[in-house]
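This report concerns only the one structure given below.
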Amino acid sequence: MPDRRPLLIFGASRGVGLELARLERAAGRSVAAMLRPHSDDGHLREIGVEILRGDALSRREIEEALASLSGPFDIVSTLSGRGEDGRLADDEGNINVIEAVEGSGRAGRLVLITSMGCGDMAPYRSDRAIAAFGAVVDAKTRAEDRLRETDLDWTILRPGGLVSEPSTGNGLLTQNPEVHGLIHRADVALLAARTLRDPATSRQAFAVVDRNRMTCTTQVDPFPLA
Ligand SMILES: NC(=O)c1ccc[n+]([C@@H]2O[C@H](COP(=O)([O-])OP(=O)(O)OC[C@H]3O[C@@H](n4cnc5c(N)ncnc54)[C@H](OP(=O)(O)O)[C@@H]3O)[C@@H](O)[C@H]2O)c1
């Protein structure tokens with residue numbers, strides 16, 4: 001029963017990670033979140049999330065956070081952003097998470113949220129997208145590549161442009177690398193929660209987009225999530 005495992009979220013202070021914490025707590029699941037020392041934990045505490053403090057740019061701090069959890073756990077990472085010295089959580093932070101979680105020997109499912117444009121989607125990026133966030137997307141691809149080298153039970157979700165509006169319920173997963181478009185953060189969270197529970201998504205990468213806000217020159221086949 002995967003839902004009985006607690007869920008550990010990296011990046012739960014806002015956005016998709018916070019929406020996911022809300023969904024999982026509403027479903028009665030135990031949720032822990034690792035937050036940087038100065039990151040606000042008010043919303044998470046209100047809904048009963050266990051707060052672990054640490055910086056994902058420190059492998060040691062992640063290992064300490066993992067040591068405070070008992071038994072096996074599932075993991076979702078939405079990490080993104082630069083540390084004070086310019087290092088990116090998108091590659092270094094996520095790679096620290098992946099390696100620490102693998103080393104713990106207690107990982108259940110792991111869902112890594114990256115971005116449209118990563119991996120095999122790279123050839124379909126526009127010049128504008130490459131100029132605006134190419135470096136961050138490349139950093140996320142390095143994290144994806146590290147994840148693929150592990151024996152972990154992972155799924156990669158690559159959302160399109162994120163919108164902070166209520167869920168539409170129209171989000172989908174697809175393996176068409178040419179798709180572009182937008183998706184609401186709440187829908188990414190919803191799909192991440194379903195992906196965690198669907199073993200058919202294991203060791204695969206998917207673009208995540210709203211069916212009513214996407215463009216694609218070729219046919220988009222939605223993945224039939226359980
Ligand atoms: N914006 C878009 O249109 C877009 C498009 C495609 C994909 N994405 C990706 O989708 C994901 C979700 O995006 P979002 O906008 O909902 O969330 P977000 O605002 O990018 O949240 C990033 C999270 O990472 C945490 N974080 C950053 N560096 C950290 C570190 N060193 N240690 C611990 N935590 C750290 C932040 O916590 P703090 O409170 O400590 O800062 C925050 O909770 C991200 O990976 C984003 O890059 C975004």
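Both counts, for ligands and for their atoms, begin at 1 and track the order of listing.
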Would [X] count as being in polar contact with ligand 1, using the rule that some N or O on each side must be under 3.5 angstrom apart?
X    : answer
L162 : yes
G160 : no
S115 : no
S80  : yes

contact_flag [X] ligand 1 heavy-atom lt 4.0 Å:
X    : result
H38  : no
G161 : yes
V136 : no
S77  : no
P159 : yes

message = I need the single residue from E102, E99, E64 that forms a salt bridge (Lys or Arg N to Asp or Glu O under 4.0 Å) with R59. Which is it?
response =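 The single option meeting the salt bridge (Lys or Arg N to Asp or Glu O under 4.0 Å) with R59 is E99.
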
Ignoring hydrogens and angles, tell me if any N or O in the side chain of [X] forms a donor-acceptor pair with the backbone of [Y] under 3.5 Å.
X    : Y    : value
N170 : N212 : no
R197 : A193 : yes
N94  : D90  : yes
Q204 : A200 : yes
R158 : I113 : no
R22  : A26  : no
D41  : S13  : no

Could you tell me whether [X] approaches ligand 1 through its side chain, its backbone, both or neither, with non-hydrogen atoms closer than 4.0 Å?
X    : result
L18  : neither
K140 : side chain
A89  : side chain

message = Measuring from atom CG of L69 to atom CG of L52, what distance do you get when rounded to the nearest 0.5 angstrom?
response =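 Spacing of CG (L69) from CG (L52) equals 5.5 Å.
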
query = Rounded to the nearest 0.5 Å, what separation is found between the OG1 atom of T78 and the CG atom of L112?
reply =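 Here the rounded value is 9.5 Å.
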
Counting non-hydrogen protein atoms only, what is the nearest one to [atom]? Give residue, atom name and distance.
atom                    : answer
atom 34 (N) of ligand 1 : L79 CD2, 3.3 Å
atom 44 (C) of ligand 1 : T78 O, 3.3 Å
atom 1 (N) of ligand 1  : R185 NH2, 3.8 Å
atom 21 (O) of ligand 1 : R14 NE, 3.7 Å

message = Heavy atom to atom 28 (N) of ligand 1, shortest distance: which of R36, R53, E84 holds it?
response =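 Checking each option, the heavy atom nearest atom 28 (N) of ligand 1 is found in R36.
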
message = For atom 7 (C) of ligand 1, tell me which residue out of T114, V16, V163 has the closest non-hydrogen atom.
response =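 Checking each option, the heavy atom nearest atom 7 (C) of ligand 1 is found in T114.
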
inquiry  = Using a strict threshold of under 4.0 Å (side-chain N to carboxylate O), is an ion pair present between R185 and E19?
reply    =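 The answer is no: the pair does not qualify as a salt bridge.
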
